[in-house]
Amino acid sequence: MNSTAADPAFILVARDGVDYSATLIDAHGAERDEHVDAESWTAWVAEHERFTPRWVFNDVALWYPALLAAGVRITRAHDLRLCHAILRDSALVVDGESLRRAVAWNVAAGVEPSQQPAQALFELGNDGPRQVPGGGAEIRAEFDRQRAILDAADGRLRLLTVAESTGALIAAEMRSAGLPWDVASHEQMLAETLGERPVGGGIPSIMLQRADEVRALLGDLTVSLESQPKLLRALHRAGVLVESTSKWELEDQQHPVIQPLLEYKKLSRLYSANAWAWLAEWVKDDRFRPIYVPGGVVTGRWASSGGGALQIPRALRTAVRAAPGWRLIVADVAQLEPRVLAAMSGDVAMADAARGQDLYSGLVDRGIVATRQEAKIAVLGAMYGSTTGEAGRLVPRLRRAFPLAMAMVDQAAQAGEDGGVVTTLLGRSSPSVSAEWTTVQRAATDADADAGSEQRARRSARDRGRFTRNFIVQGTAAEWALAWLAGIRQGLAELGRTQGVAATASGATFAEVPHLAFFLHDEVILHVPEDLAEASAQVVRDAAARAATLLFGAFPLDFPLDLKIAADAGK
DNA sequence: CGCTGTAGCGCG
DNA sequence: AAAGCGCGCTACAGCG
């Protein structure tokens with residue numbers, strides 16, 4: 001213990017050849033540098049984690065997996081790459097010029113070095129480097145730029161940068177722990193649905209039979225069902241006059257081939273997306289480990305890269321199964337986005353309709369629409385900018401019932417159509433217009449503009465309006481979800497501590513303690529020891545309440561959860 | 001042969 | 001119902 005310097009509040013880390021360097025900064029700004037040998041690195045981090053500093057990484061995704069693999073968990077971080085992207089564009093930043101000049105930080109998501117193809121470093125497109133700066137001086141300079149901006153900025157941005165960085169930690173932790181997956185049950189379902197898989201691979205039996213049946217009904221025993229042009233021609237020859245092979249068009253047709261064909265398409269999809277090949281690649285040691293990409297969507301939502309974490313068919317959720325003696329907590333927020341819209345716009349009427357119940361039923365109860373289905377169409381239409389069909393007919397009723405909420409999304413749409421930028425509650429701003437977009441708009445205002453260019457301009461303006469309309473809602477919902485996630489993480493850590501099973505620097509790995517195992521926009525799955533299940537469920541509920549308070553203060557609206565404690569994640 | 005673009009469908 | 005937001009993945013087509 002160093003008795004002359006205060007505990008470090010920030011620790012900036014960088015590679016120094018094969019070794020590491022660290023700058024420790026205390027709360028008064030006093031600082032010192034340390035050199036750390038490669039072999040003592042993880043122990044050094046573990047030793048310094050007891051101060052719970054905010055670890056400053058150029059990119060959490062590049063640093064944290066190796067620490068987790070060594071059993072080292074950290075509590076707080078600042079991800080320079082992710083925060084750069086937010087602060088550079090945020091309308092809440094008074095002067096972001098210093099960040100915009102630091103173009104080297106304008107990079108896409110990092111990839112674990114172990115996963116990175118060797119050439120990736122050299123495949124530099126025109127849009128800049130693919131690798132975030134890693135030198136100590138560069139990291140220090142970027143940290144100083146960001147800290148200066150955050151010190152001068154609205155507190156909401158500090159909240160957002162902390163939430164975003166915590167999300168980066170959670171993404172790595174979830175990949176490290178994995179989602180418990182019952183391979184036997186998955187394979188049994190595949191065998192029942194697709195048929196037995198031929199030894200050595202190949203198309204399974206039921207799928208083959210169904211394909212033969214379809215080809216017979218089409219009167220073409222050799223046509224490839226996987227090729228859209230060939231299938232379309234075969235359908236035409238059989239008298240099914242569709243314009244595409246999509247299921248929503250086929251569903252309308254009356255022909256004996258339709259039912260088997262739709263069934264075949266379903267099987268084919270399951271086979272290629274989530275069958276044996278997927279299992280072999282993504283499920284190891286009974287854990288599904290997708291790659292999450294925090295901040296991967298412009299709105300701030302997470303994306304994924306590999307594993308298709310965001311597209312696991314609901315039918316497959318039964319294969320998510322707790323380990324013996326463990327339970328899953330499966331929770332999702334009911335109608336997160338409309339609730340977020342009600343709260344961020346301060347629309348008390350909309351909050352009244354939603355509070356304590358199903359929001360859609362609340363609309364029916366108030367006579368705004370006739371059925372729950374209509375309510376859903378109207379609300380989604382309002383947030384997505386629908387203008388035609390049933391949604392177009394229903395949205396005006398919402399405009400009368402909830403003028404504040406509708407004014408907020410309508411103004412966001414208008415700003416987008418005008419080429420402006422919109423901003424979420426915590427300060428994530430939409431991208432500014434592209435050069436092409438501006439060119440299209442300019443072309444329409446030329447004196448000699450033809451009808452075609454005016455139409456193109458109007459359409460691209462409306463497209464952008466729908467994007468910015470949705471951006472503020474989807475983006476603020478993503479912020480709520482980050483706050484929820486971070487609250488769950490913190491609650492679980494406290495729970496672990498009081499139960500004496502904390503994953504600390506002592507080396508317990510993540511999967512040995514109650515942990516977050518899955519996250520998808522508005523739902524989470526936790527994997528917890530059975531005796532902590534009830535307490536963990538309460539952590540999830542409490543975190544939802546705290547997220548609401550953190551973002552919306554005392555605004556009178558709750559975010560009810562559908563939550564179950566179960567052995568599997570199926571319905 | 002590898003690359004890019006698109007259709008289609010899975011998720012919220 | 002495929003019009004109205006945001007994604008990723010697979011397979012095929014079409015290109016050089």
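Lettering of chains follows the sequences in order, A, B, ..., and the numbering in each one begins at 1. Note that these values count all heavy atoms, side chains included, but never hydrogens, waters or copies made by symmetry.
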Base versus backbone protein contacts along nucleotides 7-12 of chain B [heavy-atom cut-off under 4.0 Å; B, S, -]: BBBBBB
side-chain contact (heavy atoms from CB on, under 4.5 Å), paired with V320(A), selected from F288(A), F518(A), W181(A): W181(A)
Indicate, with a heavy-atom threshold strictly under 4.0 Å, whether G392(A) touches base, sugar-phosphate, or nothing. nothing
Please determine if R469(A) and D410(A) form a salt bridge, counting it only when a charged side-chain N lies under 4.0 Å from a carboxylate O. yes
Hey, is E523(A) close enough to R317(A) for a salt bridge, meaning N to O under 4.0 Å? yes
Counting side-chain heavy atoms from C-beta on, which of dG6(C), dA2(C), dG4(C) comes nearest to D252(A)? dA2(C)
Pairing of E187(A) and R197(A) as salt bridge, 4.0 angstrom limit: no
Before giving the answer on side chain to side chain donor-acceptor pair (under 3.5 Å), spell out for Q228(A) and T245(A) the whole-Å C-alpha distance, their side-chain angles and the decisive distance to 0.1 Å. CA-CA 6 Å; Q228(A) 290 130 7; T245(A) 62; 5.2 Å; no
Any S227(A) side-chain N or O less than 4.0 Å from OP1/OP2 of dA13(C): yes
Charged N to carboxylate O below 4.0 Å: is that the case for K266(A) and E263(A)? no
Closest of dC7(C), dA11(C), dA3(C) to the E226(A) side chain is dA11(C)
Please measure how far the C1' atom in dG5(B) lies from the corresponding atom in dG4(C), and state the result in whole Å. 24 Å
Hey, does Q373(A) reach any base, or is it just sugar-phosphate, or nothing, if we go heavy atoms under 4.0 Å? base
Classify V473(A) by what it touches in the nucleic acid, base, sugar-phosphate, or nothing, heavy-atom distance under 4.0 Å. nothing
Do R459(A) and E417(A) meet the salt-bridge criterion of a basic N to acidic O distance under 4.0 Å? no
Map every base of DNA chain C to its dot-bracket character, where paired means a Watson-Crick or G-U wobble contact with both distances under 3.5 Å and | marks a partner outside the strand. ....||||||||||||
Mind listing the residues from residues 401-436 of chain A sitting with a heavy atom below 4.0 Å of DNA chain C? Number order is fine. none
So, R215(A) and D220(A), do they make that salt bridge, N to O below 4.0 Å? no
